[in-house]
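Heads up: numbering here begins at 1 and tracks the sequence.
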Amino acid sequence: MTTTLPQSPKTQLPASRIHGMRPLALLAPLALLAACSSVPLPPWTPGQPAAVPAPAPAAQRPSSPVIPPAAVQVTPVAPATPYPPAAQAEAPAPYSAAVAARFPAPSVTYNTPGLQAGRSAFTTQAEIQAWLREQAAAATRTPGIRASVLAIGRSQRGETLEALVLTRAGGTDPAVMQAAGKPTVLLVGQQHGDEPAGSEALLVIARELAQGLLQPVLERINVVIVPRGNPDGAAGDQRATSGGLDMNRDHLLLNTPEAQALARLARDYNPTVVVDAHEYTVVGRYLQKFGTVQKFDALFQYATTANLPEFLTKAAEEWYRRPLLAALKAQNLSSEWYYTTSSDLADKKISMGGTQPDTGRNVNGLKNAVSLLIETRGVGIGRLHIQRRVHTQVTAITSVLASTAQRANELHQLRPYLDKEVSAQACKEQAVIEAGPTAAQYELLMLDPVTGADKAVNVDWDSALALRTLKARARPCGYWLSAASTVAVDRLRLHGVQVMRVAEQGSMLGDSYRETASTSGERQDVRGAIADGNAIIKVQVSLTRGVVDVPRGSYYVPLNQPMANLVVAALEPDTQSSFFANQILRGLQSTVRVMAEPTIKLEDL
Ligand SMILES: [Zn+2]
């Protein structure tokens with residue numbers, strides 16, 4: 001018998017958590033918060049986005065009403081200078097004309113540099129840089145709009161990674177934007193170099209925000225855009241960075257300069273919403289395993305990892321996913337939960353996006369941001385259907401921007417509420433150390449590669465919507481780290497984690513780890529071994545409670561802070577994503593779980 005996965009968020013949660021998930025119960029803490037604020041909290045309307053945006057506070061009210069676009073419209077612009085004709089002909093389609101006919105071009109034509117007729121290459125890094133500067137200059141011609149192009153880091157081959165900041169705050173530096181009291185949306189494209197549609201779409205979005213039909217949303221929100229997270233991979237049309245690492249499994253460890261740049265940007269601009277734009281494999285291993293071509297214009301998933309606040313998941317589902325699916329449908333674009341499958345052809349299981357705290361999607365969730373993954377059908381098909389792929393991305397991202405503008409006041413209150421809720425859990429109850437997906441059956445629609453007709457395939461399906469707890473421990477008050485743990489301390493601080501220094505010798509009550517078994521191995525995701533290079537230490541541990549002497553100059557990482565769940569993911573040693581397993585922390589004795597609030601003198605770093 002086949003059971004399809006439920007669409008309602010209620011049934012995506014374990015039964016024990018359904019009760020008490022009623023909107024009113026969840027709203028109560030926010031309502032209390034709102035009582036202290038001059039801005040009344042709009043009513044919580046699950047599943048029904050407001051018909052019109054709530055009015056902006058009087059001081060910020062724009063001269064004309066802000067109406068987020070109901071459907072994607074692109075500002076007509078003069079055609080750019082034509083590029084020389086393509087040096088090579090377009091590669092033949094990897095499937096029949098009948099399949100291709102299922103994906104007609106959209107009515108709108110996008111014209112970024114890389115989408116010009118006759119081009120064979122996507123937008124180059126130099127063209128992206130010129131485009132961002134052009135948009136920043138255009139944006140600031142509108143009174144009140146501030147724009148900056150930031151150099152946020154360098155790729156492994158030395159390309160400058162850039163971000164465009166657009167705001168109506170008094171300036172583009174983080175403190176000024178934060179003080180303006182509006183949510184910031186961070187949009188990231190092309191972390192995987194062979195997934196170009198996200199990057200091209202973000203150039204379109206940048207132009208629409210700077211000088212086009214999306215400009216009114218800047219009345220309500222700030223936007224930071226990194227069109228291309230992995231320029232070296234893009235130049236080589238490869239998934240990984242130039243050093244061979246998958247940067248989208250590096251967002252907790254921060255071994256690559258590319259992931260470090262994005263972490264620094266997120267730390268400084270503290271986004272309320274993060275969108276990660278990718279593309280997925282259309283033919284390849286699906287044709288080999290199932291004899292099918294993949295069907296959906298868009299695959300979507302929010303953060304699904306251990307210890308996320310329920311309210312965050314609920315906001316992602318009700319404020320973002322539902323309007324996004326409706327926006328896609330209105331454009332005749334199909335969608336499904338994000339899924340992938342292993343590169344092992346004998347393994348026919350289909351898995352939703354992983355539950356490990358290593359992807360941008362999950363790590364930004366651990367930073368209490370609404371974190372959304374959007375994938376278009378594009379890997380392995382070159383430029384085929386590129387206008388439709390970009391249109392899908394533009395439609396989805398426009399929906400996210402509109403949802404954020406509609407909910408700007410609520411989101412501005414949601415974030416401090418979540419930060420407070422997570423901080424308040426220190427020393428209490430349990431923290432999940434490791435969680436996994438739930439095995440299910442799913443009827444997944446694919447396409448017949450010859451006729452192009454829908455083909456339903458019953459698959460074993462790992463659902464990331466209901467997490468199974470694999471390992472849990474009492475949640476500590478914080479972690480002590482040895483004085484030698486400087487690399488780990490630097491990485492935590494790059495995430496925005498507060499780390500303190502032990503100012504005088506003393507002692508703490510804590511649990512020390514003792515190794516009971518250890519092997520080496522590779523990090524795995526649902527596709528197989530992660531392109532990573534380094535072996536990991538897979539350790540099993542027991543805990544010993546005791547009074548631990550802590551020298552001056554060692555470190556303390558309190559859990560009564562917003563990033564507490566990211567700290568747990570990094571510092572509990574016996575998981576594949578941990579700093580210990582990945583040798584950022586050396587030796588189990590470098591870390592102690594501190595089980596009572598320390599009374600010794602600590603100082604901020
Ligand atoms: Zn990707």
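- In summary, the side chains of N362 and Q356 do not present any donor paired with an acceptor at a separation below 3.5 Å, with no hydrogens or angles considered.
- Pairs engaging residues 182-207 under the ring-ring contact (aromatic ring centres under 6.0 Å, His included) rule: H192-H278 [sequence neighbours left out].
- A donor-acceptor contact closer than 3.5 angstrom links the side chains of T341 and K289.
- Within the model, atoms CG of L366 and CG of L566 stand 5.5 Å from one another, a figure rounded to the nearest 0.5 Å.
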Residue pair E200, T112: steps toward the side-chain hydrogen bond (donor to acceptor under 3.5 Å, both in side chains) verdict: CA-CA 7 Å; E200 302 294 342; T112 61; 2.6 Å; yes
Worked check of side chain to side chain contact (heavy atoms under 4.5 Å, CB included) between K348 and V459: CA-CA 7 Å; K348 292 195 173 183; V459 295; over 6 Å; no
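- The closest side-chain heavy-atom distance from Q190 to P227 is not below 4.5 Å.
- Residues P271 and V224 have side chains not in contact (no heavy-atom distance under 4.5 Å, counting atoms from C-beta outward).
- Taking each heavy atom of T575 and I433 in turn, the nearest pair found is CG2-O, 3.6 Å.
- Residues N248 and T359 bring no donor and acceptor atom of their side chains to less than 3.5 Å of each other.
- The side-chain hydrogen bond (donor to acceptor under 3.5 Å, both in side chains) test applied to Q393 returns T376, not counting sequence neighbours.
- The aromatic rings of W337 and Y302 sit perpendicular, their planes meeting at an angle over 60°, well past the 30° parallel limit.
- Counting only distance, with no hydrogens or angles, the side chain of H495 and the backbone of L252 share a donor-acceptor pair below 3.5 Å.
- Checked by atom type and distance alone, the side chain of R228 never pairs as donor or acceptor with a backbone atom of A234 at under 3.5 Å.
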From CA spacing to verdict: side chain to side chain contact (heavy atoms under 4.5 Å, CB included), L445, K455: CA-CA 6 Å; L445 289 179; K455 186 174 168 184; over 6 Å; no
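- Counting only distance, with no hydrogens or angles, the side chain of R377 and the backbone of H385 share no donor-acceptor pair below 3.5 Å.
- The shortest heavy-atom contact between T355 and A464 is CG2-CB, 4.0 Å.
- Looking at N364 and S371, their side chains never bring a donor and an acceptor atom within 3.5 Å of each other.
- Residues F103 and L333 fail the side-chain proximity criterion, which asks for heavy atoms closer than 4.5 Å.
- A distance of 6.5 Å separates OG1 in T124 from CZ in R119, rounded to the nearest 0.5 Å.
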Derivation and outcome, side-chain hydrogen bond (donor to acceptor under 3.5 Å, both in side chains), residues R285 and T340: CA-CA 10 Å; R285 56 197 193 274; T340 186; 2.9 Å; yes
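- A distance-only check finds a donor-acceptor pair linking the side chain of N307 to the backbone of V432 [under 3.5 Å].
- In terms of modelled atom types and a separation under 3.5 Å, the side chain of E410 and the main chain of Q413 share no donor-acceptor contact.
- Side-chain atoms of T395 and Q331 include no donor-acceptor pair closer than 3.5 Å.
- The side-chain contact (heavy atoms from CB on, under 4.5 Å) search around T109 returns Q387, not counting sequence neighbours.
- Side-chain contact check for Y110 versus L203: every heavy-atom pair is 4.5 Å or farther apart.
- Ring geometry, Y339 versus F296: the interplanar angle exceeds 60°, so the pair is classed perpendicular (tilted spans 30 to 60°).
- Atom CG of L411 and atom OG1 of T272 lie 6.5 Å apart (nearest 0.5 Å).
- Atom CZ of residue R102 and atom CZ of residue R388 lie 9.0 Å apart, to the nearest 0.5 angstrom.
- Checked by atom type and distance alone, the side chain of S96 pairs as donor or acceptor with a backbone atom of V450 at under 3.5 Å.
- Using a 4.0 Å cut-off between a side-chain N of Lys or Arg and a carboxylate O of Asp or Glu, D358 and R523 qualify as a salt bridge.
- With rounding to the nearest 0.5 Å, the separation of CG in L245 from CD1 in I530 is 10.0 Å.
- The heavy-atom pair separating A435 from L470 by the smallest distance is C-CD1, 3.8 Å.
- The backbone N or O of R239 lies less than 3.5 Å from a partner atom in the side chain of N230, making a donor-acceptor pair.
- Judged by distance alone, the side chains of T304 and R361 do bring a donor and an acceptor atom under 3.5 Å apart.
- A donor-acceptor pair is defined here as one N or O able to donate and one able to accept, closer than 3.5 Å; such a pair exists between the side chain of N582 and the backbone of Q576.
- In this structure, I386 CD1 and H391 NE2 are separated by 13.5 Å, a value rounded to the nearest 0.5 Å.
- Side-chain atoms of Y320 and T404 form a donor-acceptor pair, as typed in the model, at a separation below 3.5 Å.
- Using bins of under 30°, 30° to 60° and over 60° for the plane-to-plane angle, the ring pair Y286/F290 lands in the parallel bin.
- Residues V274 and V370 have side chains not in contact (no heavy-atom distance under 4.5 Å, counting atoms from C-beta outward).
- In terms of heavy-atom proximity, I374 sits nearest to A396 at CD1-CB, 3.7 Å.
- Side-chain contact between F300 and E336 is absent, with no heavy-atom pair separated by less than 4.5 Å.
- A donor-acceptor contact under 3.5 angstrom links the side chains of R207 and N111, judged on distance only.
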side-chain hydrogen bond (donor to acceptor under 3.5 Å, both in side chains) between Q191 and D276, intermediate numbers included: CA-CA 8 Å; Q191 292 200 62; D276 192 9; 3.0 Å; yes
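- The main-chain N or O of K471 is never found under 3.5 Å from a side-chain atom of T469 such that the two would form a donor-acceptor pair.
- Contact record, N270 with R415: OD1-NH2, 2.9 Å, taken as the closest heavy-atom pair.
- Within the 4.5 Å cutoff, side-chain heavy atoms of L328 are placed close to those of L324.
- Under the 4.5 Å side-chain criterion, counting only non-hydrogen atoms from C-beta, P562 is not in contact with V422.
- Side-chain atoms of R468 do not come within 3.5 Å of backbone N or O of G436 as any donor-acceptor pair.
- The two atoms that bring A306 and L467 nearest to each other are N-CD1, 3.8 Å, heavy atoms only.
- H412 and K182 share no donor-acceptor pair across their side chains, judged by distance under 3.5 Å alone.
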